[in-house]
Amino acid sequence: MTPTLEERLAVSLARLILDPAAPPARHIAVGAASPIPAAACWLVKLSGHPVRLSLLHREEANPFSEGTCELFDLTAQGRIDLFFLGGGQIDGAANINLLGTGEWPAAGAPFRGVRFPGSFGSAFMYMMTPRTILFREEHSPRVLVPRVDWISAAGVSPPEVFRRGTAQALLTARCVFRFDPARARFALDSVHPGESLASVRAATGFDFDAPGTVPETPAPTGDELALLRGPVAAEMRATYPGFCARVWGRA
Amino acid sequence: MTPTLEERLAVSLARLILDPAAPPARHIAVGAASPIPAAACWLVKLSGHPVRLSLLHREEANPFSEGTCELFDLTAQGRIDLFFLGGGQIDGAANINLLGTGEWPAAGAPFRGVRFPGSFGSAFMYMMTPRTILFREEHSPRVLVPRVDWISAAGVSPPEVFRRGTAQALLTARCVFRFDPARARFALDSVHPGESLASVRAATGFDFDAPGTVPETPAPTGDELALLRGPVAAEMRATYPGFCARVWGRA
Amino acid sequence: MFISLDDLAARVPDGALVALPPDNSLTPSALARALVRRGVRGLRLVGVPVSGYATDLLIGAGCVAELDTSAVTLGEAGGAPRFLAALAAGEIVLRDATCPAMHARLQAAEKGVPFIPMRGVLGSDLLAHRPDWMVIDNPFSATRDPILLLPALAPDVGIFHAAMADDEGNVWVGRRRELATLAHASRRVLVTAERRVAGNLLADEKLAPGVISGTYVEAVALAPRGAWPIGLLDDYPTDAEHLLAYARAARTREGFAAYLAEHVAPAIAAAAE
Amino acid sequence: MFISLDDLAARVPDGALVALPPDNSLTPSALARALVRRGVRGLRLVGVPVSGYATDLLIGAGCVAELDTSAVTLGEAGGAPRFLAALAAGEIVLRDATCPAMHARLQAAEKGVPFIPMRGVLGSDLLAHRPDWMVIDNPFSATRDPILLLPALAPDVGIFHAAMADDEGNVWVGRRRELATLAHASRRVLVTAERRVAGNLLADEKLAPGVISGTYVEAVALAPRGAWPIGLLDDYPTDAEHLLAYARAARTREGFAAYLAEHVAPAIAAAAE
């Protein structure tokens, strides 16, 4: 019953979702191709917490009836409490970069850096959602940089700019960071088994705060693992067949 | 085979629709409760002219799939070439009033004048449609006034104001007026049988131009009447049962 | 999710900004009658985009303080008598609008923006009496181009009658997409439904495009023939005779009271005798 | 109304501003292949709101000059290889956007307004590279409230694949209402359809809410499996293996040419040998 990395991450996300210090997450949206956040949401819901899930790419009984703009409208209306975002780069002020690296090329000039897919809805969702959990498995100086090359969506805004929230936390394969928007700075919250403050510092391009003693991220409980491997896997199989097969050996 | 007033008016509207001097009417919209304009449109279409009709209150195979805002969006997109409007009052500058008469009351003060139903979409449609045919059966100094008490929609606009068109003509039970937007003034085009320039002047509250000799509005042809009483009545029966029963004796 | 019609009416607070569709279908007539029975007061009604029977009924019963709409009419049955009477008596505050402006203001709320531009309207006296509307110069235009800006409108409560509802609160309104906009724009949505269906309406790809998701719906009450005397899509036609009878009766305060006694609150009327 | 796929492709002029949906269904893949065969040049593509296989194919075949989109991706199959190669070679001009901005700009064109406001985005580097976007101070706010204004976007041609089409040009897209917005916003709409159905889709109240009226549609070409390798609603799933094979092949110019020869223009390729 050893948890896999995916299961550990899903359980960590579920705990961040249920964080009693954060505003309640009554309605969570999950974007495309996000199996671990989706698993975390199903874990929360199937644990008996009253939460509405809007899974963008669920095929059966998809909750949307207004086309792909409905997620953005829902968020604009203040109905989505929590969303997940990642980034090709993420910096110490919680800026995320889904665009690319290097100099921004002049229109039509050859592109010299690494090009990421593009910003998707991040420039909107990050500012209009009360809580965002940043999630990126790869925890390296390449991803977690001092300053993103290009900002797809800003971590903090001047006071006159309308925004409902920002990053609550950043989860990686090594640790959990909390974000303090007032200081625009991350603080290490816990490290996953096998990691330490020193190993996390070495793998992180940005500076961050850390407590004197860094706790270890709690392991999944037996109940959590049972839920993940049973009912959660069953809910997810249709939408994420590849992920489910890989993690839970289901076709 | 004597034409009824309704048939004469429908045929007059059809001729205004087909006016070769006006921009083409490829797509005509007809609002609610407008049986005579609807009959005119069906007459045009069933005479073999290629025209698309969007009848707001057609129940069977209603052309709209986007709700009641689709007519306004279609018009905003420039897809509607011709629309019909009426008015509780219409003045010599083609301003229309669907609001009411008297002083505009202060909010919550008792209303002293005659209250009309309200502006509906007129304040938008009149400016966004290339051609509007004004149609009001009652032709009296009460309706055709020197200056409307309140403007629901203006007949002309200053040059900097975006508008695609205005009134092409005004048809009443007595005559056809043409509208000249450059001069913001009506000119008598033809009088219906039994009317004269003098009788029209006496019944009209606003001043208008008139030619030396005023032609009589041409009577419906036998072909037009046959079309109206046969195929047009058949198309209209479901949407306007009362009108069809009254004019064509069909249930 | 499903509650009684009277419990649904009880959820509309006095003074609420309440938006509803007119007499073209999906009209929440049964809920309007239940609101009259509950004795709601001070409603600020919004016509989406115009107003009809249900609004006239609520005005006549003294439930309405304000009305923001593009027209008030009983259609073939003529003017709305209690609306006209209340206006003449200075009992309601009326804010005149124009149909696409009502849609645009709700769409602005749906999109979470504070305002939305709209063409037309310039030169109309509507503008002079809407201090909440504004004209600016189009900032994208090199030349002068005045354009109307409308403030977003987020009703406290959106109400309408749906053809179907399921246990998730998903409701089917067919091609009446302006009711989806109304639902999205409103803070709370209370729906009456002609019938309750098993399963999930959103699971049927053919039905889903006409569904408003339960995400937006707070509660549903089953109300068979809940649009009557207005028609409901292809379920039943408008009861034109009843509307004419209403229009006749409502010409006087006494006639309206008799109508209420017979069609809206027979029990209350009987108890008062 | 119904013409051949190649005739449909012939109606897309060189240099046109062409908007299309991404790889989430109703993707006009067959039309994209026909456009490659027709040798269209200089297209300015718009992703609604992002771009995928069909866009990568058109870029690889040298049909594209510009791209306005919120992301380009083959999803599970990874990055879009010909897009990345064209970008590195400076062969296309890319304008980066964000999904709700693409929707909002089309909605502005749908509503006939020159601009539309949108929340968010402030502080993003997107803004610095979009001279066509503008930030103003919300004129309805008493305090400082900067807000983004986006210009309307009216594509020359909107293209997508519909599940059904009738002889009136009405096409059924189900709950994909953003394609209705695309159709309304576009000056011309060319549609491929999975199947042709008898009768009038708008006459069926159950189907009508998922229909885009023929009013907006210039022509339709029947194209069975016209979304492939992308899936179509509940008709057929995405051919993930094919997309992976495409992604692998398209990594090189030669591999892409071989893909074209096999899957897009076997006749042309054969003739060239």
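Computation of the quantities below employed the complete heavy-atom set of this structure, encompassing side-chain atoms and omitting hydrogens, waters and symmetry-equivalent molecules. By convention in this document, chain letters (A, B, ...) are assigned in the order of the sequence lines, proteins followed by strands, and residues within each chain are numbered from 1.
- In this structure, no portion of M102(D) lies under 4.5 Å from any heavy atom of chain A.
- Looking at A76(A), neither its backbone nor its side chain comes within 4.5 Å of chain D, counting heavy atoms on both sides.
- Put simply, CZ on R119(D) and OG1 on T75(A) are 15.0 Å apart, with the number rounded to the nearest 0.5 Å.
- Within 6.0 Å of the CD atom in E103(A), the count of heavy atoms belonging to other residues, nucleotides or ligands does not exceed 12.
- Heavy-atom distances place both the backbone and the side chain of V121(D) under 4.5 Å from chain A.
- Taking CG of L122(D) as the reference point, atom CZ of R163(A) lies at 10.0 Å (rounded to 0.5 Å).
- Side-chain contact check for Q107(D) versus C69(A): some heavy-atom pair is nearer than 4.5 Å.
- For the options G123(D), G120(D), P21(D), A88(D), heavy-atom pairs under 4.5 Å to chain A are most numerous at A88(D).
- Of the possible donor and acceptor atoms, none in the side chain of S124(D) sits under 3.5 Å from a partner among the backbone N and O of A153(A).
- Residues R115(A) and V72(D) have side chains not in contact (no heavy-atom distance under 4.5 Å, counting atoms from C-beta outward).
- Taking all atoms of both residues into account, the shortest heavy-atom contact from V161(A) to P146(D) is CG2-CG, 4.0 Å.
- Neither the backbone nor the side chain of R164(A) comes within less than 4.5 Å of any heavy atom of chain D.
- Taking R248(D) as the reference, nothing meets the side-chain hydrogen bond (donor to acceptor under 3.5 Å, both in side chains) condition, with sequence neighbours excluded.
- Shortest non-hydrogen contact noted between A97(D) and S119(A) is O-CB, 3.9 Å.
- A 6.0 Å sphere centred on CZ of R41(D) holds more than 12 heavy atoms belonging to other residues, nucleotides or ligands.
- Remark: N97(A) CG to D125(D) CG distance equals 8.5 Å, nearest 0.5 Å.
- Using cut-offs of 30° and 60° on the angle between ring planes, the pair H129(D) and W104(A) is parallel.
- Annotation for E91(D): atom CD counts as buried by contact number, over 12 foreign heavy atoms lying within 6.0 Å.
- Summarising the geometry, atom CG belonging to D96(D) is positioned 7.5 Å from atom CH2 belonging to W150(A); distances are rounded to the nearest 0.5 Å.
- Atom CG in L98(A) sits 10.0 Å away from atom CG in L126(D) (nearest 0.5 Å).
- Of the two parts of S152(A), only the backbone, made up of N, CA, C and O, holds a non-hydrogen atom closer than 4.5 Å to a non-hydrogen atom of chain D.
- Between chain A and the residues V48(D), L87(D), T73(D), the largest count of heavy-atom pairs under 4.5 Å involves L87(D).
- Rounded to the nearest 0.5 Å, atoms CZ (F120(A)) and OG1 (T69(D)) are 8.5 Å apart.
- Using a 4.5 Å cut-off between heavy atoms, F111(A) touches chain D through backbone and side chain atoms alike.
- Heavy atoms closer than 4.5 Å to chain A are found in both the backbone and the side chain of D145(D).
- Contacts of L94(D) with chain A are made by side-chain atoms alone, with heavy-atom separations under 4.5 Å and no backbone atom involved.
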